Asks: 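Can you keep this structure in mind? I'll have questions shortly.
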Amino acid sequence: MKTTIIKFTTFSAILVLIFGFSLQISAQDSTVVDAAPVKKKADKPVRAPWGAGMLIETQTDLVWAPKTLEFVIQHRFGNLNSGSFDLGGLYAPSNIRIAFNYGLFKNFNVGIGTTKDNMYQDVNVKYKILTQTKSNSMPIGMAYYGNVAMNATPEANFGNNYSFSNRLSYFNQLIISRKFTKDLTMQVSFSYAHFNQIDTIQSDFADLKHDNFGFGIAGRYKIGKTSSIMFEYDQALTTPEVIKPNISLGIELGTSAHAFQIFVTTYRGIVYQDNMVYNRNDFTDFDNPSGWGILLGFNMTRNWNF
């Protein structure tokens with residue numbers, strides 16, 4: 001717990017340094033008499049801080065314009081270097097999610113998705129709270145993301161006292177981002193996850209709580225007109241030590257209508273609350289017989305305007 005507090009304190013200090021900004025003081029020459037009024041130009045948002053609505057294992061604050069449909073495929077192969085010959089996880093059991101997101105109205109998206117592991121069926125929303133501007137009158141972007149996921153596996157998996165609500169879990173995230181240069185964009189996120197029923201049968205999960213909190217930091221640096229380097233780190237704050245953080249590194253290739261991201265990651269679950277509360281992949285555990293805690297994955301998005 002002490003280590004977690006140190007991590008959180010250090011992270012908070014970094015946040016203040018990154019997103020702090022000084023007040024700008026402007027002065028006008030008082031000697032000008034009867035000066036013609038100056039027409040104020042529209043304060044435009046910064047151009048394309050992100051290439052997609054998600055970045056590896058987390059959401060970005062990008063919200064699609066109204067009547068925009070986004071199709072998403074997310075794929076995770078098996079763990080690298082497992083005991084059996086599975087070609088670096090490519091032959092191992094994989095996890096996949098297929099989803100659609102739609103710009104319902106300005107600054108507001110809705111989405112649905114289905115995931116292989118635990119047969120999660122999710123409904124999600126994203127709302128753009130603040131938009132960073134070119135003039136820096138608004139120095140940050142901010143968005144809220146939330147989902148409800150239903151575990152659709154057989155009823156027997158939920159024990160003797162089954163009720164439909166046992167299948168449900170929830171995730172809420174506040175995302176704060178800033179485009180620092182034409183190439184570099186970074187963001188921090190604060191997350192809350194809740195499971196109506198948690199897995200306490202496995203001894204590793206005996207100390208799990210229904211409610212959990214976490215934070216993350218992520219970034220993208222453009223290295224070409226259509227290519228970028230991406231990184232992520234996500235840390236749960238209230239789960240037991242057996243639950244491991246996310247460390248991801250990848251490359252994004254994209255245009256205005258699609259994005260392809262390929263990366264290595266420690267998260268397999270795809271559904272955000274599942275990763276935050278149940279991830280046991282440890283990137284330092286090279287000798288695990290089930291495989292090193294690193295996976296190869298990719299995300300693909302394609303959007304259409306109607």
Side-chain angles (χ1 to χ4, degrees), residues 1 4-5 8 54 57-59 72 74-76 78-79 92-101 110-127 144-174 189-216 234-246 265-282 285 288-291 293 295 297:
M1 184 63 186
T4 300
I5 293 173
F8 184 70
M54 61 185 175
E57 301 287 4
T58 191
Q59 288 285 312
V72 179
Q74 297 166 267
H75 194 289
R76 308 293 180 268
N79 286 28
S94 60
N95 191 19
I96 187 169
R97 177 176 181 265
I98 297 176
F100 291 92
N101 301 311
V110 296
I112 57 173
T114 182
T115 303
K116 177 183 173 183
D117 282 7
N118 293 322
M119 297 175 64
Y120 282 121
Q121 315 301 313
D122 69 272
V123 178
N124 60 79
V125 299
K126 191 194 293 190
Y127 176 67
Y144 162 78
Y145 171 86
N147 75 31
V148 179
M150 180 188 72
N151 183 324
T153 56
E155 181 178 321
N157 292 344
F158 298 91
N160 296 326
N161 299 318
Y162 169 79
S163 69
F164 177 78
S165 64
N166 294 347
R167 298 180 178 274
L168 302 180
S169 59
Y170 310 86
F171 183 79
N172 296 273
Q173 188 174 66
L174 183 67
S189 57
F190 303 92
S191 306
Y192 164 71
H194 173 85
F195 280 80
N196 284 348
Q197 184 182 73
I198 55 176
D199 183 356
T200 56
I201 297 176
Q202 299 187 57
S203 59
D204 287 349
F205 297 153
D207 296 328
L208 282 180
K209 301 177 178 65
H210 291 275
D211 299 281
N212 291 277
F213 298 87
F215 72 84
D234 296 288
Q235 175 71 55
L237 298 174
T238 52
T239 54
E241 290 186 4
V242 69
I243 306 303
K244 301 302 179 182
N246 164 49
T265 180
T266 57
Y267 272 174
R268 171 187 169 86
I270 303 181
V271 173
Y272 299 110
Q273 54 265 47
D274 187 78
N275 277 327
M276 180 176 165
V277 177
Y278 287 111
N279 180 59
R280 288 189 290 185
N281 280 326
D282 185 352
D285 190 4
N288 192 322
S290 64
L295 301 85

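These figures come from a predicted structure and were not determined experimentally.
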Asks: Quick one, Y272 with Q173, criterion side-chain contact (heavy atoms from CB on, under 4.5 Å). Give me CA distance, side-chain angles, the key distance, then yes/no.
Replies: CA-CA 10 Å; Y272 299 110; Q173 188 174 66; 5.9 Å; no
Asks: Grab the two heavy atoms, one from H75 and one from S94, that are nearest each other, plus how far apart they are.
Replies: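 Reported closest heavy-atom pair: CE1-CB, 3.5 Å.
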Asks: Is there side-chain contact between V125 and Y144, with at least one heavy-atom pair below 4.5 Å?
Replies: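 Sidechains of Y144 and V125: in contact.
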Asks: Please assess Q197 against S163 for the test side-chain contact (heavy atoms from CB on, under 4.5 Å), listing each intermediate value before the final yes or no.
Replies: CA-CA 10 Å; Q197 184 182 73; S163 69; over 6 Å; no
Asks: Rounded to the nearest 0.5 Å, what's the gap from CG on N124 to CZ on F171? Could you check?
Replies: 11.0 Å
Asks: Find the distance between CD (Q74) and CD (E57) and round it off to the nearest 0.5 Å.
Replies: 7.5 Å
Asks: Tell me the closest heavy-atom pair linking R268 and P93, and the distance in Å.
Replies: NH1-O, 3.1 Å
Asks: First locate atom CZ of R280, then atom CD1 of I243, and finally report the distance between them rounded to the nearest 0.5 Å.
Replies: 7.0 Å
Asks: Which value, rounded to the nearest 0.5 Å, describes the distance between I198 atom CD1 and H210 atom NE2?
Replies: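 Between atom CD1 of I198 and atom NE2 of H210 there are 4.5 Å.
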Asks: Can you name the closest pair of heavy atoms from N279 and P245 and give their distance?
Replies: ND2-O, 3.7 Å
Asks: Can you name the closest pair of heavy atoms from G111 and N101 and give their distance?
Replies: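 Nearest heavy atoms, G111 then N101: CA-OD1, 3.4 Å.
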Asks: Would you check, one step at a time, whether the test side-chain contact (heavy atoms from CB on, under 4.5 Å) holds for Q273 with N147?
Replies: CA-CA 9 Å; Q273 54 265 47; N147 75 31; 3.0 Å; yes
Asks: Can you tell me if T266 uses its side chain to pair, donor with acceptor, with the backbone of N281 under 3.5 Å?
Replies: no
Asks: Students often mix this up, so state it plainly: with edges at 30° and 60°, are the rings of Y170 and H194 parallel, tilted or perpendicular?
Replies: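 Tilted.
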Asks: What distance separates Y145 OH from N172 CG, expressed to the nearest 0.5 Å?
Replies: 10.0 Å
Asks: Please list, chain by chain and in numerical order, all residues satisfying side-chain hydrogen bond (donor to acceptor under 3.5 Å, both in side chains) with N275, sequence neighbours excluded.
Replies: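 Listed in chain order: nothing, the list is empty.
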Asks: Looking only at non-hydrogen atoms, find the nearest pair between G216 and D234 and report the distance.
Replies: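 Between these two residues, the closest heavy atoms are CA-OD1, 3.5 Å.
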Asks: Is a donor from one side chain sitting under 3.5 angstrom from an acceptor on the other, for Y162 and R167?
Replies: yes
Asks: Indicate the ring-plane relationship of Y192 and F213, choosing parallel, tilted or perpendicular according to the 30° and 60° boundaries.
Replies: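 The rings of Y192 and F213 sit tilted, inter-plane angle from 30° to 60°.
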Asks: Looking only at atom types and distance, does a side-chain atom of D117 sit under 3.5 Å from a main-chain N or O of N95, one as donor and one as acceptor?
Replies: no
Asks: Looking at D211 and T238, what are the two nearest heavy atoms and their distance?
Replies: O-OG1, 4.0 Å
Asks: Dump the intermediate steps for side-chain contact (heavy atoms from CB on, under 4.5 Å) on R76 and T265, then the final yes or no.
Replies: CA-CA 9 Å; R76 308 293 180 268; T265 180; 4.3 Å; yes
Asks: Would you check if the side chain of N196 reaches a backbone N or O of S165 as a donor-acceptor pair within less than 3.5 Å?
Replies: yes
Asks: Which distance, rounded to the nearest 0.5 Å, do you find between the CG of N166 and the CG of N151?
Replies: 10.0 Å
